[in-house]
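I have placed the structure first, in the form of structure tokens, so that the comments after it can refer back to it.
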Amino acid sequence: MTGTASKVNMADVARLAGVGMGTVSRALNNSPGVAEATRKRVLEVAEQLAYVVSPEASKLRPGTTGRVAVVVPHIARWFFAEMLEGVEAALREAGLDVLLYHVGGAEDRREFFQRLPARRKVDAVVAVAFPVTAAEQQRLELMGVHIVASGGQMASYPYVCIDDAEAARKAVGHLIFLGHRRIGMIAAVDPDEPGWPATLGRSEGYYQALASAGLVPEPELVRTVNWGGNEGAEAMSQLLALPAPPTAVYAHSDEVALGAIRTIRRAGLRVPEDISVIGIDDHPLAELTDLTTVHQSVRDQGLRAGRMVVALINGREAELSFTAPTELVIRRTTAPPSR
């Protein structure tokens, strides 16, 4: 294995030794709580792989469990998977194990928070992009561990997010710059997370951009639907049925925007010649479909949140809030109005 040590990480040692990465970290750092036979096996595997403990992995404080609970409302959706990948990468680099909790529905969520205080065998909890009620905050605080919100601001906990209102202003401002005045909005809400601040911010930014340009909002140009491409397609059908349809549409997310584009094209209209469409997020499909959007680096936000957790666990000075930048990405679905 000479010359390959730099390619070997703690996950490789954990896999071959048949233990978690927290156990590997404690074994390599001679910390308590590891059976002698397990410690010996870990050390033998590490020697075989020529594994060198990274500076971050050696900084876990005595008395820590080496585990972090990560709570997500969705796993299959791109945004949450991307965020989770970033969080996990940062925690893995520091030798921390991830305990993943999926709270997909109201009942899952109620049961999770009901049992949460009994799950004290973690050093921190990362909540990925979902709002926490006052009652749920109390349950979290009973654990007495660090809490970080990744992908949105939550209560007074440390957080990493974007400014959703600013992202919306960039999107709508681009349409206004092109000369559009009848601008529709398809607002997307998650029925399982109706209070998520991102929804409010992305709507507020729409109204702020219109006000800055001296435009009066027209209620008939706004449609609110559940999150999803099919829902975006249905909302676009309603907008096209208006006596005077919008010349441009701003959607809360790229998936919703792509649904709107499908409806426009099936109606025999052209994008952007007849109607411009813009989204937010820069989903991987946005580039493939030439969708104009507002980019955010979701994985980088997850990485930053994970590193925030590591610093808090180890008693180091940590950045307690970070608002990630967003960037307008102009592609082929927006153009000046033709009417």
Side-chain angles (χ1 to χ4, degrees), residues 162-189 198-283 285-296 326-339:
I162 66 168
D163 185 331
D164 288 285
E166 179 188 45
R169 289 193 297 271
K170 288 179 179 178
V172 180
H174 170 63
L175 298 175
I176 293 170
F177 174 79
L178 290 174
H180 294 278
R181 294 299 178 264
R182 284 185 60 77
I183 301 171
M185 175 173 68
I186 304 178
V189 298
T199 299
L200 301 176
R202 295 186 186 193
S203 291
E204 288 173 0
Y206 167 79
Y207 292 109
Q208 291 168 357
L210 293 182
S212 295
L215 300 176
V216 178
E218 300 180 56
E220 70 270 17
L221 295 182
V222 176
R223 292 292 184 271
T224 300
V225 297
N226 288 341
W227 178 94
N230 288 330
E231 290 77 4
E234 174 58 30
M236 192 67 236
S237 295
Q238 297 171 17
L239 291 174
L240 289 180
L242 293 172
T247 63
V249 172
Y250 151 64
H252 272 199
S253 76
D254 292 339
E255 294 96 325
V256 172
L258 291 173
I261 289 173
R262 187 187 75 181
T263 293
I264 293 169
R265 288 175 174 162
R266 287 185 177 183
L269 299 173
R270 300 165 300 166
V271 178
E273 291 85 355
D274 297 313
I275 301 179
S276 289
V277 179
I278 191 170
I280 290 182
D281 290 332
D282 206 11
H283 186 288
L285 286 176
E287 183 175 6
L288 290 175
T289 56
D290 255 346
L291 176 67
T292 299
T293 186
V294 177
H295 171 82
Q296 63 165 317
T326 57
E327 178 184 1
L328 176 66
V329 180
I330 301 172
R331 295 193 177 109
R332 299 288 296 276
T333 61
T334 53
S338 58
R339 50 186 166 88

- Shortest non-hydrogen separation from Ala257 to Gly279 and the atoms involved: CB-CA, 4.1 Å

- Task: Measure the spacing between CD of Glu255 and CG of Asp281 and express it to the nearest 0.5 Å.
- Result: 6.5 Å

- Task: Could you check Val277, Leu285, Leu288 and say which one makes a side chain to side chain contact (heavy atoms under 4.5 Å, CB included) with Leu258?
- Result: Leu285

- Query: Do Leu242 and Leu221 touch side chain to side chain, with heavy atoms closer than 4.5 Å?
  - Reply: yes

- Residues His174 and Thr334: side-chain donor-acceptor under 3.5 angstrom: yes

- Task: Of all the heavy-atom pairs spanning His252 and Ala188, show the shortest one and how long it is.
- Result: ND1-N, 3.2 Å

- Query: For the atom pair CG (Leu240) and CD1 (Ile275), what is the distance rounded to the nearest 0.5 Å?
  - Reply: 5.0 Å

- So, His180 side chain and Ala335 main chain: donor-acceptor pair closer than 3.5 Å or not? yes

- Item | Inter-residue atom distance His283.NE2 - Thr289.OG1, 0.5 Å rounding | 9.5 Å

- Heavy-atom side-chain contact between Asn226 and Val189 under 4.5 Å: yes

- Note on the structure: Residues Ala209 and Gly173: closest non-hydrogen pair is CB-N, 4.3 Å

- Working to the nearest 0.5 Å, report the span between CG of Leu239 and CD of Glu234. 10.0 Å

- Note on the structure: When Val249, Leu328, Asp254 are each screened for side chain to side chain contact (heavy atoms under 4.5 Å, CB included) with Ile278, the one that passes is Leu328

- Is the number of heavy atoms from other residues, nucleotides or ligands within 6.0 Å of CD (Glu273) greater than 12? yes

- Query: Looking at Asp274, Ile261, Thr263, which hits side chain to side chain contact (heavy atoms under 4.5 Å, CB included) with Leu269?
  - Reply: Asp274

- Query: Are any non-hydrogen side-chain atoms of Met185 and Ser203 less than 4.5 angstrom apart?
  - Reply: yes

- Task: List in chain and number order the residues that pass side chain to side chain contact (heavy atoms under 4.5 Å, CB included) with Val329, two or more places apart in sequence or in another chain; answer none if no residue qualifies.
- Result: Asp282, Thr293, His295, Arg331

- Task: Quick one: pull up CE in Met236 and CZ in Arg223 and give me the separation to the nearest 0.5 Å.
- Result: 10.0 Å

- Query: Is Arg181 close to Leu215 at the side-chain level, that is, under 4.5 Å between some pair of heavy atoms?
  - Reply: yes

- Query: Any side-chain heavy atom of Leu178 within less than 4.5 Å of one from Pro336?
  - Reply: yes

- Give the minimum heavy-atom separation between Gly201 and Ala168, together with the two atoms involved. O-CB, 4.3 Å

- Message: I'd like to check Ile183 versus Tyr206 (side-chain heavy atoms, cut-off strictly below 4.5 Å). Are they in contact?
- Response: yes

- Message: Walk me through whether Tyr250 and Arg202 qualify under side chain to side chain contact (heavy atoms under 4.5 Å, CB included).
- Response: CA-CA 10 Å; Tyr250 151 64; Arg202 295 186 186 193; 3.3 Å; yes

- Donor-acceptor under 3.5 Å (Thr326 side chain, Gln296 main chain): no

- At their closest point, which heavy atom of Ala251 faces which heavy atom of Val256, and how far apart are they? CB-CG1, 3.9 Å

